[in-house]
Protein chains: 2
Amino acid sequence: MDMENRKEQIIERALVHIKKRGYLSFSYDHLSKELGLTKASIHYHFEKKESLGLAVCDRLETGLDQMMIAIKQMDIDPKEKAIEFLRMRLSYIDLDEICPISAFQADFPYLPEILKQSVQHVTNKELGCVAELLKDIHNNEAKAILLLSALKGALQYRRAVGGEIMETISKQLKELLQ
Amino acid sequence: MDMENRKEQIIERALVHIKKRGYLSFSYDHLSKELGLTKASIHYHFEKKESLGLAVCDRLETGLDQMMIAIKQMDIDPKEKAIEFLRMRLSYIDLDEICPISAFQADFPYLPEILKQSVQHVTNKELGCVAELLKDIHNNEAKAILLLSALKGALQYRRAVGGEIMETISKQLKELLQ
DNA sequence: GTCTATATCAAGATAGAC
DNA sequence: GTCTATCTTGATATAGAC
């Protein structure tokens with residue numbers, strides 16, 4: 001198969017696995033079986049697991065860039081834009097998944113150094129995105145931290161207490177931005 | 001060594017490891033080396049890893065009970081009691097740790113069934129504790145979810161962005177309860 | 001109650017054929 | 001680009017001696 005397509009396909013599946021299991025717990029074996037390949041073939045495209053982890057972080061950053069472009073072009077009240085960001089972020093996360101950035105953070109102390117740096121970068125980028133969308137509101141950095149922490153904490157709670165929790169949280173976060 | 005003391009000691013170390021690495025990632029080998037024992041000796045006290053996981057959940061529940069007793073006896077404004085709960089919960093979590101309940105939640109889909117049940121139980125118990133302390137405030141269940149999600153999400157953020165985030169969150173959570 | 005030794009399995013990674 | 005085969009490591013768990 002064409003190399004760029006295959007690489008993309010592997011990154012895509014790895015991202016799903018990270019959202020479901022976390023970075024440390026997913027394996028080349030899981031991945032290869034789903035893609036109809038062998039572990040060795042994955043290693044051909046991404047020599048080490050950390051290379052694949054880095055590629056996934058890059059992809060998350062690209063996704064954030066695209067979301068910001070889309071949101072800035074929307075014809076909605078600026079005060080709605082942070083909420084729209086959270087809504088779009090959630091749309092990429094299934095019921096049995098958590099935020100991939102949270103997953104990396106949970107494994108953080110045991111990541112290879114270079115991957116830690118990428119995780120820090122995408123973490124700060126996402127915080128910066130929300131803070132930027134809140135720029136007309138007082139105390140935007142602190143508010144961005146509160147919104148994202150609550151959203152991602154709730155995604156983990158969802159695993160144990162069920163999906164209704166997300167509506168409870170979303171409602172309150174919207175109130176917080178009134 | 002006395003069996004009850006040894007069991008307690010193992011549970012205590014396991015809890016620390018879960019806060020640092022998560023349930024799936026800590027091992028009897030890590031534990032045994034710290035305690036000056038062998039893996040086999042840990043297996044004598046807790047035949048399977050899931051038995052140890054269950055004991056850790058029990059310990060967390062006991063801790064919640066004790067905290068609630070202590071807080072109810074405190075001579076402070078009822079409106080301060082939820083904040084005091086969060087403060088006490090935080091005091092058991094080091095700078096390089098996350099909330100152990102969050103750690104179990106992150107691993108949730110890959111836990112043995114019986115341990116899932118224990119994690120659900122302690123999760124709901126903690127939510128119930130905060131909701132109870134908020135009982136004079138409107139919408140207490142929803143507020144409890146918001147407070148705990150934000151606190152625990154922030155603990156994971158701390159790993160990637162540093163400790164200052166906790167003061168930002170604490171300050172905002174206090175404002176939310178005014 | 002703790003030990004040594006070992007069985008079993010899964011993971012990351014590499015060598016070399018096609 | 002993908003394969004088979006293999007190495008190495010680390011994990012859960014058990015058997016049996018002391």
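Below, each value reflects all heavy atoms present in this structure, side chains not excepted, and no hydrogens, waters or symmetry copies. Within every chain, numbering begins at 1; the chains are lettered A, B, ... in the order of the sequence lines, protein sequences first and strands thereafter.
- Put simply, chain A comes within 4.0 Å of DNA chain D, heavy atom to any atom, from D/dG1 to D/dT4, going 5' to 3'.
- Side-chain atoms of B/S91 come within 3.5 Å of backbone atoms of B/M88 as a donor-acceptor pair (strictly under, hydrogens ignored).
- Rounded to whole Å, atom P of C/dA11 lies 13 Å from atom CD1 of A/I42.
- In summary, of the residues considered (A/V122, A/L148, A/L127, A/I18), a side chain to side chain contact (heavy atoms under 4.5 Å, CB included) with A/I101 occurs for A/V122 alone.
- Looking at A/K48, its side chain has no donor and acceptor atom pair within 3.5 Å of the base of C/dG12.
- Across all strands shown, A/Y44 has heavy atoms under 4.0 Å from base atoms, whether or not it also approaches the sugar-phosphate.
- What separates CZ of A/R21 from C1' of C/dA10 is a distance of 11 Å, to the nearest Å.
- If you measure from atom NZ of A/K39 to atom C1' of C/dA15, you get 14 Å, rounded to the nearest angstrom.
- Taking the six-membered ring where the residue is Trp, B/Y28 and B/H43 present tilted rings, their angle falling between 30° and 60°.
- At a threshold of 4.0 angstrom between heavy atoms, the contacts of A/S27 are confined to the sugar-phosphate backbone, with no base atom among them.
- Taking atom NZ of B/K49 as the reference point, atom P of C/dT8 lies 21 Å away to the nearest angstrom.
- B/F108 CZ to A/R158 CZ: the interatomic distance, rounded to the nearest 0.5 Å, is 13.0 Å.
- Contact check on A/K19 versus A/D94 returns no salt bridge, with no Lys/Arg side-chain nitrogen under 4.0 Å from an Asp/Glu carboxylate oxygen.
- One atom, CG of A/L31, and another, P of C/dA11, lie 12 Å apart when rounded to the nearest Å.
- The backbone N or O of A/S27 lies less than 3.5 Å from a partner atom in the side chain of A/H30, making a donor-acceptor pair.
- Residue contacts for B/F46: at a heavy-atom cut-off of 4.0 Å it reaches no nucleic acid atom on any strand shown.
- Atom pair A/F26:CZ and C/dA10:P shows a separation of 18 Å (rounding to whole Å applied).
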